[in-house]
Novice: 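One structure follows; several queries about it will come next.
Side chains are part of it too, since the values below use all heavy atoms of this structure and drop only hydrogens, waters and symmetry mates. By convention in this document, chain letters (A, B, ...) are assigned in the order of the sequence lines, proteins followed by strands, and residues within each chain are numbered from 1. Computed from a predicted model, the values in this text were never measured in an experiment.
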2 protein chains.
Amino acid sequence: MKLTKNIPARTIERMVLYKRLLSDLLSKGQKTLFSHQLAALAHNTPAQVRRDIMTIGHEGSPHKGYDIASLITRITAILDGSKDRSIALVGVGNLGRAILSYFTYRHPGLTIVAAFDTDDSKVDRVISGCRCYHIREFESKVKELDINVGIITVPATQAQAVTDMMVAAGIRGILNFAPVPLKVPDTVCADRIDIASSLEKLAYFADHLKQHE
Amino acid sequence: MKLTKNIPARTIERMVLYKRLLSDLLSKGQKTLFSHQLAALAHNTPAQVRRDIMTIGHEGSPHKGYDIASLITRITAILDGSKDRSIALVGVGNLGRAILSYFTYRHPGLTIVAAFDTDDSKVDRVISGCRCYHIREFESKVKELDINVGIITVPATQAQAVTDMMVAAGIRGILNFAPVPLKVPDTVCADRIDIASSLEKLAYFADHLKQHE
DNA sequence: TTGTCTTTGTGAGTCACTTCACAGTAAGTA
DNA sequence: TACTTACTGTGAAGTGACTCACAAAGACAA
């Protein structure tokens, strides 16, 4: 359960997926599974699954495979899923609102507890179950609600400014939907989701796959 | 301009970013730049930039750097950005609508030309400038409008069924917002954007970064 | 008991991408 | 002309993730 040897980001991503798949299985009453079964569900290889499970320091038995319940417990421990995550969202436009409503049926352990905007017509309203504040209250709310992850859904021109504000307020992880890369100190982790870029990449491979991936 | 030696996916992703950054610069009147300048904008290294540009078969000159206009042209040619892409979206829920409205101020070369749903209250309406059809018309519309990229914003339970339908209709690239991995033949390219997963990953690294990334 | 079967755990190999480091070169200077 | 400077292009080394392939081990059979 210690195992402080850095777990690669790719493995963490797969862990999140494994956890979801395993939880489904468990709720259907399945108790145990083999690496090749999980591989089929996750669309990767048995060797990959075994390596991943080894990486997080868990083990199965050659004949019964892996115990689903204890594997979920282990993954949850790794992901720190025990503590509920409080998340802030900045930029209550179309995309921001969609994400808010997407998260109302709350995902396990992830809750958007506050939204922020500069537009007074949005401030102090409750949108999809989430209260909206003026952005000048950001830092105090972050402290008050113990938020350490932020979502950015503002226009590109403001993304870096919002980022800087988040960093200053003590946010440690940022999910950025604006189509610009953000500069953050290396004590902060930033990820970008860029729908237009993804589509362009897809459009490229839609044509160019002779045998590619 | 030929250069049929497979370009890695990562390089393609950066190309999309470079194109946007360079277009900004060009519109501000800048004619030329050096690898270290583009690297600063893209938040990567000069060596990476030079390698990328080499990979797509372009070159600069040691003293003037790269010519922005011709580099954009080259990248655009690589990405096939010349032809306008027609995209279909299936699942006009919250997220689907947000994406539609996000794309109304149309991104260069990318247009969502049709949306599909099973809900009759949405069918035949125009939402954010995009006409919504019943899903049973999918295949005929794909043919009619020459669509080869699809966006999936339906619930997880229906994602695979929609995928199979897309594949059958001849779609070659799929952007999937449902939190399940899709099975597609290797003639089709599928990408998943999973907001909840991204947040969980971020939450993990928000804590666990000693020196990580 | 021994043998067969199935699956795990993992060292070693492979592969793909990134970074290093330097030769080559054009522009400016005198 | 030769000298300096600042950058590109790229072979080679490095890095990190994935896959292979096989020893080890439990389960079952007879």
Novice: Between A:R14 (side chain only) and A:D52 (backbone N and O only), is there a donor and an acceptor less than 3.5 Å apart?
Specialist: no
Novice: Checking all strands, does A:R10 fall into the base, sugar-phosphate, or nothing category for heavy-atom contacts under 4.0 angstrom?
Specialist: sugar-phosphate
Novice: C:dT8 P sits how many Å from A:I56 CD1, rounded?
Specialist: 14 Å
Novice: Quickly work out the B:D52 CG to C:dT19 P distance and round it to whole Å.
Specialist: 10 Å
Novice: Return no unless some side-chain N or O of B:R14 is found under 4.0 Å from OP1 or OP2 of C:dT18.
Specialist: yes
Novice: Would you mind telling me which of C:dT19, D:dT8, C:dT8 lies closest to the side-chain atoms of B:F34?
Specialist: D:dT8
Novice: Starting from P on D:dC20, measure out to CG on A:N44 and report it in whole angstrom.
Specialist: 12 Å
Novice: Report yes or no: does B:N176 contribute a side-chain atom to a donor-acceptor pair with the main-chain N or O of B:V180 at less than 3.5 Å?
Specialist: yes
Novice: Quick check: does any side chain N or O of B:S198 sit under 3.5 Å from a backbone N or O of B:D194, one acting as donor and the other as acceptor?
Specialist: yes
Novice: Decide, yes or no, whether a salt bridge links B:E200 with A:R85 under the criterion of side-chain N to carboxylate O below 4.0 Å.
Specialist: no
Novice: Does C:dT7 have its OP1 or OP2 closer than 4.0 Å to a side-chain nitrogen or oxygen of A:S35?
Specialist: no
Novice: CD of B:Q160: more than 12 outside heavy atoms within 6.0 angstrom?
Specialist: yes
Novice: Report the distance from atom CD of A:Q48 to atom P of D:dA21, rounded to the nearest whole Å.
Specialist: 17 Å
Novice: Heavy atoms within less than 4.0 Å of DNA chain D: which residues of residues 58-67 of chain B have one? Give them sorted by number.
Specialist: B:E59, B:G60, B:S61, B:P62, B:H63, B:Y66
Novice: To the nearest Å, how far apart are B:I53 CD1 and D:dT8 C1'?
Specialist: 10 Å
Novice: Going by side-chain contact (heavy atoms from CB on, under 4.5 Å), B:Q30 matches just one of B:L26, B:T32, B:L33. Which one?
Specialist: B:L33
Novice: Calculate the interatomic distance between A:L38 atom CG and C:dT8 atom C1'; express it in whole Å.
Specialist: 14 Å
Novice: C:dC20 C1' sits how many Å from B:H36 NE2, rounded?
Specialist: 18 Å
Novice: Contact class for B:T11 (heavy atom, under 4.0 Å): base, sugar-phosphate, or nothing?
Specialist: nothing
Novice: Ignoring the backbone of A:R50, work out which of C:dG9, D:dT19, D:dG9 is nearest its side chain.
Specialist: C:dG9
Novice: If you take atom types as modelled and just measure distance, does the side chain of B:R51 reach the base of D:dG11 with a donor-acceptor pair under 3.5 Å?
Specialist: yes
Novice: Looking just at side-chain N and O atoms, do B:H208 and A:D80 make a donor-acceptor pair shorter than 3.5 Å?
Specialist: yes
Novice: Taking atom P of C:dG9 as reference, at what distance in whole Å does atom CG of A:L71 sit?
Specialist: 10 Å
